[in-house]
Structures are given as structure tokens and as C-alpha cells.
Amino acid sequence: MNERPSFLISSFIAWLEIPEKRQRSFITYLLAFFAGMVLILFLDPSGFSPEVAEGSVCPKTIRSPKNISFVDERKTEELRRLEEEKVEPVITSIPNAENELLNRFDKFFNEAGVFIDDSKKPEFQDFNNTLISTYFPGDKLLDSENLKELLTLKKPEFERLKKESRQILLNFSQSIVTIRNLETIKNQVKKHVLDLPGGGLFRRLMTEVVKNGISVNAIEDAKETRERRELAAKAVAPVKRNFQKGQKIIDEGVIVTADDIYVLRTIEKQLQKNQLMSFLGYSILAALLIVTSLAHLRLTRQGILQDPHLFRLLGALWISALLLGRIVYSFGSAYGQQAISVLFTPLPSIGLLMAALLDCQVAVFHQMLLGVLTFVLAESNARFAIVSLMGGVAGVLAWHSLPRDVSIRRAIGSSGLKIGIANSFLLLSLTLLDAETLSLMDLKAILILIGCGFGNGVLSGILANGALPYIEHLLPLATGSRLLELADLSQPLLKRLADEAPGTYQHSVMVAALAEAAALEIGADPLLAKIGAYFHDIGKLKRPQYFAENQTDKNQHDTLSPYLSSLILVGHVKDGIDLARDYSLPDRVVAFIREHHGTTLISYFYQQAKTETAGSEDVSEDRFRYPGPKPQTKESAIVMLADSVEAASRTLPQHNLARLEGLVGKIVENKFKEESQLDESDLTLKDFEKISGAFVRVLASMFHGRVDYPGKFSNQPKGGIDGGSNQQPAKED
């Protein structure tokens, strides 16, 4: 029975060209999206719905419409919770907890004694975390600042601190200490230490030592405790409430309580009619619109289907439009204010967001589909649906008509004004169509309605502008607008890179030029590749002098072991990811930082380590490899290749076409075949050929020769700058 539907679904997914590794998550998301759509469309409470609020005066007597019997879950749950709270937790002591606590305490003070003794030696190095770690390989009961102050104590004070702290710690260990009360007990330490003799520093150090020394000596048997509490809760009989038909629920004039509200809402749920047919109708409509949307994306914008973040963004905008539309229309209908529904209809602002974040063609098409759903939500209220739909389409077209050099914020604001104008004329036309004669028209009501239509356009621009930065920064999206912002080289992070690591900055700009050209050649996203190249090496900001492109005099690695050197090189990936998070870069950009070295071996320092080690077999390659992962996208793979090609091209003695082609071919082949770094990027052999060609063209333009004209600034040897007409430019290879 299920074979044919399953076959149809798998065939449709295959036609959409969803990668096999994403198909399961894709179907899961579609099901969740479908369920959300149907839920929003279906939920429409009707019938018994008294409009009263807690704490207000009931305007009329409310009676039960029929015999109702239900379990009062609130009171039942309250009684069960009270019974559960009466059950004490089951505590089990941890064996040898006190001995382990004291051993840890004694170990620390033994290490501290050695630390204090060595601090008096003339060869004692500067106080830093590295030095501390050599003295305290295990747990420290004092942090670095307190350890520094510990050095100021005299020997008798140190011994007294050790003795009295140990005794206080022993006293506290006699109490039951669990994870639940650990912080409470630690907070009691200061009170016990306050009355002891000694200076403020002595008491403060003792407080810290004891607080950090206290550890859990008993555990709560969560399973046994939970079972006992569950048994106690189950023993409570459910509280039943019964109402006969016509029985008073709330008398007129009394203050409505929280319990009254609970009873009314429960009865309202009980009275919901079986709406199976409506549910089936909404389900079929939602499925049809989803299939239509997916087919449109497959035929026109395959990239959105391939990018899970953009696809989820589209779904989230759909759900937002439906949910807000349901709320707006229900609110306007409840108060009989059509103008409110027109003012707050969300479709135009959603259309602007779709145009700004996705694509204008996608936005227009999906506005049409959302218009159908708005018509259904509004219970066939054509005016509300038409205004919503046309306002959304007008906003998208207004956005598309603006020149690309206009800032995104101004473009959205300008589009909002045009939405308002379109809404005003549309509402005026609809009002004229509904009117029988001009004399019967309510001019004030018409002006209010038209004003709300214009206000909706302004409000749509404000809402879209307000939501845009949150969507771009809170969601893992590298949308077109966000990427355009990041393409500005005056970005704070790129300015830091230019100031603090100028060599890395120039390298990144060159890599961006290579990556953009290659991405254009193979149909990848050139803007994303360029932005990824700009930021791929930002981790070098932490230690710029340890990277060759920023060194001007000596090589910092000459004084380091190969292990430490490789650790620094590998560390720039993690440092870059941390820096990217600090500056709220999108996840798709962060992926370039994580993947641009893949799992490449740092061969130079690996070979150096093997040379310096007697048994080369003892040198593990894993110590000299980047953590990865390998590039997962075409754009990330392009940046990996561009990074290697740009760095290697600077080592060429001559930059003629043959040498550049040989260098690029060698690097691409090495990454693909020998290091197997490109296996997960979906690049084809044809792509490699196109990428290599693009790299060679860009490199040839970067390193093109120039005529060395004779004169004051000539690079020719002395005697060859006489400016004679027989002077020839240097011959290029």
C-alpha cells in the first residue's frame, strides 16, 4: 500500500536534485514545514468563546452550554507536585570522598611550597600561566592572581594558612555536599573565616582555598528519588469538575479569577467540533502549494534548494507570513476593524525580506502563493487578500527597480513608501467599486482606510529593516545583502588585518581575486568565494609575526621547535573561528576559515621533526596536520586551491605563462590526488581544468611585466639610464 506513495516521493526528491546526504534532513524539514502550515490554517477557535479577562468584571452570566465533565489538570498537578515535594531526596555517600579531598588539598600545598621556595631563586622566571602550569600540573585551589599574592606570605603565615584551611575543609567535609547544595556550602565559607585572626589578605586566601577545595561527597540517587516521587504523585486521585447544562460558571458582576479562566478555556476545548474535513482540505492545499513552490525553485532557482540555510529561511518567512496573517486578521475581525487588518498585514514586509535576502523572481512567485493562503486565512475576504498580495508584489517590484548602488536600508525604506502609495490607490479603487453612489460614501472612513494602506507600506519598510539584521546575524546565513556588506574592505575586521598583518591582508585580497574568477568559471557563487577568501586567514591576527608574509627581518620559527611551530600554524584556524564568532560572521563564511587547509600535512616542520628525532617512526603525522574538515563546498575548495597557488606563486623566480601553468597544475593535482583534500567538495575534473585556467589568467595579470623606462627611477644598472633612443626595455621570459 505504501510502495507507490513512497516511490512518488523518492522520485520527486530525485527530480529536485537534492544531494543524497541531505535527503533525510530535507524530507524532515518539509514534513515540519507542512505540519506548521496546516496547523496555522486549521487552528480557528469558534463557538463557545466568552470574552473575559482575569481580574475584570464579568459583563454577563456565563452558563455551561451542555453537560461537561473534565479532569482539572491544574489542581491535580498542583496536588501531585505538593506530594512530590514531601518526598526527600535519596542520598548516597561517595566512598573515600574525604580522603580524596584531603589528598588533593595536601598535594596542592606541597606544590605551593615548592613554588614559593623556587620564587626566591634568582633564576625564577617571569610570573605567567606557562610557569604556573609547571608547578601545578593538577588542580589549583588558587587562581594565578591569588598564587602571586601567596608569594607575599611569610613562611609561618603559609604554614598557618595550610593548617587552618585543612581543618576548616575537614569540618565542611563532615556535611553532606551534593551538586544541589555545593554552591550554598561554598557561600558559607567566608562567614567561618571572617572571625579568624590574620590580615585581610590571609583571610581572603584562606576563603579561596577552602571554597575551591570543597567537593561533592554525596550524590543524589536521582532514579530512586524520581521513582518515589512518581509513586507519591500517582497516588493522588485526579480532581474532576462537572457542569450540567445551563449551570452557572461565572455570575454577572463578579471578578473573574484565574480558575474561572481555566474552566472557560477547558470547556471551550471540549466543545471544539470535529473538523476532519477542514483538516483534510487544508492538508491538500498546503501539500499542493509546497509542491508548486519546490517545482518553481527546481526550474528557476536550484541554488536555494541546494543551500539548506536559504531554503530554511524561505520556509521561515512563509510560516511568519501565515502566522502573522492569522493573528492580524483574527484581531481585526474580533474588533470589527478592517482598517487594522489592512494596516498590519504582513505580506508586503515578508515580500521585501524575500527580495532582499533571496531573489526578486522567487519573492514575486511566492507572494502569489502566499496570497492564496491569505485569501483562505481571511475566510474569503477578498479585499484583505488583494491588498496584502498587491502590496507584497509592489514592494518586490519597487526593490527590483532600484539601482544596485543604493544601500540596502534605503532601498527597503524607499520600497516601503512605494508599497504605501500602491496600497492607497488600490484601496481607493476597491472602495469605489463597492460604493453605490458618491453621496452614500463615508469620506472619513475612506480616508482612514487609505491612510492605513499607506501606513502599511511605511510600517512594512520599518519592519523589514528592523528584522533584516537579526535574520542575517542570528541565523547561520550568508545572504546576498550580508555578503555585500562584508565585501566592503573598510569592514572593522579587514581594517584590523590591514593594519596588524598587512602581508596577510594583501595575500587575502589576491586570493579573493583568484577565487572570484575561478568561481565564475565553474558556476559557483563568486561573491561567497571572494568573501571567504577575504576572511580565511583572519586567525593570523593573533600572532602575525609568525607567518612568512608578515615577516620583514627574521624568521620567528628559527628559535622554536617544529612541534611548537606547527602548533602555532594550526592554531590560526581556531583563532580565526573564534574571531569570526566575535565579529558575528555568517556560518558559511566561518566554514572557509575551518576548511581552507583541510587536513593538510605541515610537511616542512614534519620533516624537520623527523630529522631532529632519532627514531623518525616516533614522529606522528597527526601532530603536524590541520584538524579539518576537508572543504565541503565548491567555494571552499576553490579558496583552498587559491590560497596555495597565491602563496606558491610568490616563490617563482619568473612569472611567465609556462611557469604559472606548471605551478597551478602541480598544486591542483597535489591537492586532488596526493593529499585527497577535495574529495568532499563536489568538484569535477572539468571544474579543475576551468579553475586552473582562471588561476593562470589572474596570476598572469597580477605579475605582468612593465617596461623599465630609462630615467631617475629606473631599475637598470648604472650606465644604462642615459635616456638614449637606443635604450631597450629588459627582456621578459
The single option from Lys540, Arg594, Arg543 passing salt bridge (Lys or Arg N to Asp or Glu O under 4.0 Å) against Asp575:
Arg543
Residues in ring-ring contact (aromatic ring centres under 6.0 Å, His included) with Phe624, at least two apart?
Tyr563, Tyr606
Can you name the closest pair of heavy atoms from [X] and [Y] and give their distance?
X: Ser649; Y: Leu699; result: OG-CD2, 3.9 Å
X: Ala501; Y: Asn550; result: C-OD1, 3.4 Å
X: Leu352; Y: Trp399; result: CD2-CB, 4.5 Å
X: Lys495; Y: Ser490; result: CD-O, 3.2 Å
X: Gly598; Y: Met640; result: N-CE, 3.4 Å

I want to check something: taking the side chain as every heavy atom from C-beta on, are Phe535 and Leu486 in contact at a cut-off of under 4.5 Å?
yes
Check: Lys542 side chain, Leu579 main-chain N or O, donor-acceptor pair, under 3.5 Å:
no
Please report the interatomic distance CD(Glu635) to CD1(Ile531), rounded to the nearest 0.5 Å.
12.5 Å
With salt bridge (Lys or Arg N to Asp or Glu O under 4.0 Å) as the test, would you mind laying out the steps for Arg581 and Asp587 before giving the verdict?
CA-CA 9 Å; Arg581 298 300 186 198; Asp587 281 358; 2.6 Å; yes
Walk me through it: do His536 and His597 pass the test ring pair (Phe, Tyr, Trp, His ring centres under 6.0 Å)?
CA-CA 10 Å; His536 78 285; His597 281 300; 7.8 Å; no
Heavy atoms of other groups near Lys107 NZ, more than 12 under 6.0 Å:
yes
Hey, mind stepping through His572 and Asp537 against side-chain contact (heavy atoms from CB on, under 4.5 Å) and telling me if it holds?
CA-CA 7 Å; His572 90 273; Asp537 266 346; 3.3 Å; yes
Do NZ/NE/NH1/NH2 and the carboxylate oxygens of Glu646 and Arg650 come within less than 4.0 Å?
yes
